[in-house]
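Read the structure below first, then the notes.
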There are 2 protein chains.
Amino acid sequence: MTLEGKLLIGQSAVSGSSRPIDAINPATNERLAPTYMGGTRTEVERACELAETAFTTFRETSPETRAAFLDTVASEIEGIGDTLIERAMAETGLPRARLEGERGRTCGQLRLFANVVRAGEWLDVRIDPAMPDRQPMPRADLRQRHIGLGPVAVFGASNFPLAFSVAGGDTASALAAGCPVIVKGHSAHPGTSELVGRAVQRAVTACGLPEGTFSLLFGSGSEIGQALVADPRIQAVGFTGSRGGGNALMKTAQARPQPIPVYAEMSSINPVFLMPEALKARGEQIADGFVGSLNMGAGQFCTNPGLVIAIKSPELDDFIAAAAEGVKDSASQTMLTPGIHDAYEQGVARLSSSHKVRESARGQVGASPNQCRAGLFVTTAEDFLNEPELQEEVFGATSLVIECADHNDLRRVASQLEGQLTITLQLDDGDLPAARALMPIVERKAGRVLANGWPTGVEVCHAMVHGGPYPATSDSRTTSVGSAAIFRFLRPVCYQALPEALLPEPLKDGNPWQVSRLVDGKRE
Amino acid sequence: MTLEGKLLIGQSAVSGSSRPIDAINPATNERLAPTYMGGTRTEVERACELAETAFTTFRETSPETRAAFLDTVASEIEGIGDTLIERAMAETGLPRARLEGERGRTCGQLRLFANVVRAGEWLDVRIDPAMPDRQPMPRADLRQRHIGLGPVAVFGASNFPLAFSVAGGDTASALAAGCPVIVKGHSAHPGTSELVGRAVQRAVTACGLPEGTFSLLFGSGSEIGQALVADPRIQAVGFTGSRGGGNALMKTAQARPQPIPVYAEMSSINPVFLMPEALKARGEQIADGFVGSLNMGAGQFCTNPGLVIAIKSPELDDFIAAAAEGVKDSASQTMLTPGIHDAYEQGVARLSSSHKVRESARGQVGASPNQCRAGLFVTTAEDFLNEPELQEEVFGATSLVIECADHNDLRRVASQLEGQLTITLQLDDGDLPAARALMPIVERKAGRVLANGWPTGVEVCHAMVHGGPYPATSDSRTTSVGSAAIFRFLRPVCYQALPEALLPEPLKDGNPWQVSRLVDGKRE
């Protein structure tokens, strides 16, 4: 499988003619061939035209056809073999084990959505039968199902080159919803993107689907992405990245003649509350777990624990000391891109130079380029509450401990937090009353609340919420991981008194797809 | 029950100090006492403060408590008796039978949501049990439920002074979701609003709920409404009204430091396709049904059939002639406000003066002020496609017939339609092939597709979608009528490995609320 450095427009592979994109090996700062010439509005136009055409057919495929397609995408990705892992390692600096795990997760995610499509909960079928004799007015037969919104634009993220990229969660859930997908590949891993994109392309052919079901664009800067979001045929956007990037896409989407939803997962510092009894009982163990979570993927997880909140006490001092030891011993790790490494260094420098913050520990200095040195800093609740910029995400393996005077202080800090993907409580039985008082605050701030675990590691399942209030995401009513992610790309349609011959399959008498239905408000 | 002309802030009734609002009887242009002094930012601030406080308690009320509250609101509204109907008649010009029907619908809607709360589908409970022995990584226990977004701002609509106003669908569904509601009452029916607002106030007391669960503000102009939507404690907005009004609220909501969702139901002309065989078989009967639907509530329904699309034929000529007879015979009807009447006259004048449109009929001239004269106009597909302003809603009993050359033309017109609340097909068996070709187009354009009925009359049930793509609404993924309307005000939260003592009731082992759950992706 030789990389060609091309954009994939439907079944074609075409050369772009805009600015070149070269992948960089962040461990060496070396360029990786081939060069990807960025796309232009011509390719955006063509991809959108194909997607619009494909939508008519693709959205009405049977559950089995669509599920088989998702399964085929998974098999095709696995079929790339080690070439994929090696290219992803070179482009991201991430270690083999992590990328093999991420590939497993990505393919598992595609297969989960295949089963979601088969199970049919996403259709949310509701039937209110006719009541011709009702007084004073008869009731017509009313049936509801969900249909896909239309072509979806997906922006690949840098930090999960497989699971949140070309065939990641956004793409899988949009395809599951019956929406063609146009991916804007991340410029940090174009080769990985091309490999996965071609796997999807092959699956489209193998399953006899219209070619516009999937396209993959590249482009440096924001031109291609903005053109894509502004195109009238695009009906929704999936994005994982920075707050600035997400906000810019939201703005474009809202300024369209027809505004469309943007699902942007942006910024979260994932606070961890260390409750007093837990600290007393197992402070050192918690410190170990914390440092492990902090260092995962060089701290480049959306759910990295960037904030630790606890009441000042000798046990907290011991925790900080133990965590500081762990951080000092932390080996440096290659970050995803030189740009991310620069931003990390600036973020750490901002903390280091603040009079309100004291440096507790820094990790090992790296020998190669773009290495992340872990960091641990400490401040007081008072200072944290007075300095809003201390809530700004430092993307990488750095965390800030906030010392509170008492439980009241703890709740004040909780109340001032911005929206988060996760909030974690480390607690023991003796902490339950205080934790109970915290719950109503934290569940308004986060999409996921954890006890005695660590936020890194997002299970792909039915109950998962990888979402949360702004700025964690642009839409707190949704999740970008787990089976409920499909609902982002669906809308309900009601059919009133339609003859059986015009009713969509899942609404027909006899329930041919055998899906769960709400009949007169009762679950069947 | 004497009207006091006051704002209702929690359990208080307070006098505003901003510009005065006087209700006008549109049938006579007479002012109706009392004067309502508009609220200021002080009252917005106080109502939001109370709502925020109330949210903590109200959102965690048991299903039975919340359901009993909704039932009590319904009983309290019925308890007002004829005073409510008489005041509403005076303020809106709508006839008694219509308002009595609307009251029944409003109370039925509140009781439907009471049952929705009890049934618990809105919680969308999902449980993925722990798998401690899973390889390579164990799975933690993960449970999901939905919680209320927070305090909601609801804007009363002029055209349904009960069903889309103070205790209408937006309020009922937001309360059902556990969200306190602050209503900005419509200035056209402040007395009706006060009566209903006091009924809700009494229900709050009777059910022992925190006073901030409900407040009612008045204010002329947009100041109060904009201040409400901009308040950081407000977490969602329900609105039914003009496209301009909805767009302005969306803009404010998106410009907040934390953007919030706006559910605006705005603009729809509800196209009706008359298929050839149906026209042949029963053109006259269809004309009767059409004129009846057109005249309902002086054409001031969101689902009024403002567009008729058919293929040019002798049968279509007959239909137009029959419909014209019906329109000519249509008695004039009082419109809701002098402003709405003025806008209607301007809209009709725009059609009358267009060279692309021919006037087919006008209804009876009224003897009293603010009377709606029905109108029927005709144009060609060619002209309709070339003149985008012919798609603009004329709010009132006027409709435009579009003559198409053939089926191809029909589909071209369908493809050019803006988003709609409803699209109707009048069809016979012989029309099925052509209708089947239209379906993929129309279901992308509308929230509800009807066969052989009329769009006016929106059933309040589980399968209803009163929504649709922009500009019909601001969010095509939602409905503002029917039980699914509750999902607009909810967001999912995932709980990972929480001790039983901290789990919310509906997620506890043993399913104490006995709600439907998705366990490992399977419905239980």
Side-chain angles (χ1 to χ4, degrees), chain A residues 56 115-116 119 121 126-128 137 139-140 142-144 147 149-150 250 254 258-259 261 419 432 435-436 439-440 443-444 447-453 457 459 461-465 467 469-470 474 476-477 479 483-484 490-499 501-502 516 518 520-521 523, chain B residues 56 115-116 119 121 126-128 137 139-140 142-144 147 149-150 250 254 258-259 261 419 432 435-436 439-440 443-444 447-453 457 459 461-465 467 469-470 474 476-477 479 483-484 490-499 501-502 516 518 520-521 523:
Chain A
T56 310
N115 287 330
V116 164
E121 289 278 334
R126 293 160 171 250
I127 298 185
D128 294 316
M137 295 272 288
R139 180 172 82 181
L142 290 151
R143 304 178 187 218
Q144 188 202 107
I147 68 171
L149 286 178
M250 287 163 72
Q254 288 155 358
Q258 176 222 10
L432 282 174
R436 206 172 278 122
M439 283 298 290
E443 68 187 359
R444 287 191 70 186
R448 179 163 55 115
V449 180
L450 302 83
N452 297 329
E459 186 72 35
C461 60
H462 304 281
M464 178 49 63
V465 178
Y470 185 92
S474 55
S476 72
R477 298 160 297 170
T479 175
S483 63
L490 294 165
R491 50 173 277 258
V493 178
C494 173
Y495 302 83
Q496 180 171 327
L498 248 67
L502 286 185
S516 168
L518 203 66
D520 256 336
R523 178 65 56 189
Chain B
T56 311
N115 287 330
V116 164
E121 289 278 333
R126 293 160 172 249
I127 298 185
D128 294 316
M137 294 274 290
R139 180 171 84 181
L142 290 151
R143 305 179 186 218
Q144 188 202 106
I147 67 172
L149 286 178
M250 286 164 72
Q254 288 155 357
Q258 176 223 9
L432 282 173
R436 206 172 279 123
M439 283 298 290
E443 66 187 0
R444 288 191 68 185
R448 180 162 54 114
V449 180
L450 302 84
N452 297 329
E459 186 72 35
C461 60
H462 303 281
M464 177 51 62
V465 178
Y470 185 91
S474 55
S476 72
R477 298 160 298 170
T479 174
S483 62
L490 294 165
R491 51 174 275 258
V493 179
C494 173
Y495 302 83
Q496 180 170 327
L498 249 65
L502 285 186
S516 168
L518 204 65
D520 256 335
R523 177 68 54 190

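Just so we're on the same page: letters track the sequence lines, and every chain starts at 1. Atom set for the values below is all heavy atoms of this structure, side chains included, hydrogens, waters and symmetry mates excluded.
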Open item on the list: What part of A/N115 gets within 4.5 angstrom of chain B, counting heavy atoms only: side chain, backbone, both, or neither?
Closed with: neither
Open item on the list: Between A/S516 and chain B, with a heavy-atom cut-off of 4.5 Å, which part of the residue counts as in contact: side chain, backbone, both or neither?
Closed with: side chain
TODO: Name the region of A/M250, side chain, backbone, both or neither, that has any atom closer than 4.5 Å to a heavy atom of chain B.
DONE: side chain
- [ ] Could you go through the side chain to side chain contact (heavy atoms under 4.5 Å, CB included) check for A/L490 and B/R477 one step at a time?
- [x] CA-CA 7 Å; A/L490 294 165; B/R477 298 160 298 170; over 6 Å; no
Open item on the list: Distance check, rounded to the nearest 0.5 Å: B/Q258 atom CD versus A/S476 atom OG?
Closed with: 7.5 Å
TODO: Measure the spacing between CG of A/D128 and CD of B/E459 and express it to the nearest 0.5 Å.
DONE: 7.5 Å
Task: chain A contact via B/R436 - side chain, backbone, both or neither, heavy atoms under 4.5 Å - done: both
TODO: Side chain from CB out, backbone as N, CA, C, O: work out which of these in A/R139 comes under 4.5 Å of a heavy atom of chain B, or both, or neither.
DONE: both
Task: Shortest non-hydrogen separation from B/A497 to A/A451 and the atoms involved - done: O-CB, 3.5 Å
Task: Top contributor to chain A interface from B/S474, B/G467, B/C461 [non-hydrogen pairs under 4.5 Å] - done: B/C461
Task: Side chain to side chain, A/V465 and B/V493, heavy atoms closer than 4.5 Å - done: no
TODO: Could you tell me which of A/G453, A/S483, A/P259 has the largest number of non-hydrogen atom pairs under 4.5 Å with chain B?
DONE: A/P259
- [ ] Indicate yes or no: at least one non-hydrogen side-chain atom of B/E121 is less than 4.5 angstrom from one of A/R523.
- [x] yes
Task: Residue A/L498 versus chain B: region with a heavy atom under 4.5 Å - done: both
TODO: Considering only heavy atoms and a distance below 4.5 Å, find which of B/P469, B/G457, B/G419 pairs most often with chain A.
DONE: B/P469
Open item on the list: Within this structure, what is the CD-CG distance for the pair B/Q496 and A/N452, rounded to the nearest 0.5 Å?
Closed with: 11.0 Å
TODO: Heavy-atom pairs under 4.5 Å with chain B are the metric here; pick the option from A/P499, A/P440, A/G150, A/G521 that has the most.
DONE: A/G521
Task: chain B contact via A/L518 - side chain, backbone, both or neither, heavy atoms under 4.5 Å - done: side chain
Open item on the list: Please find the pair of heavy atoms, one from A/A463 and one from B/R126, that lie closest to each other, and give the distance.
Closed with: CB-O, 3.4 Å
- [ ] Kindly compute the distance separating CG (B/L142) from CE (A/M464), expressed to the nearest 0.5 Å.
- [x] 4.5 Å
TODO: Name the option with the most non-hydrogen atom pairs under 4.5 Å to chain A; the candidates are B/M137, B/R143, B/R448.
DONE: B/R448
Task: Heavy-atom pair with the smallest gap, counting every atom of A/I147 and B/E443 - done: CD1-O, 3.6 Å
- [ ] Enter the distance from A/H462:NE2 to B/D520:CG here, rounded to the nearest 0.5 Å.
- [x] 6.5 Å
Task: chain B interface, residue from A/A119, A/A140, A/P261 that has the most non-hydrogen pairs under 4.5 Å - done: A/P261
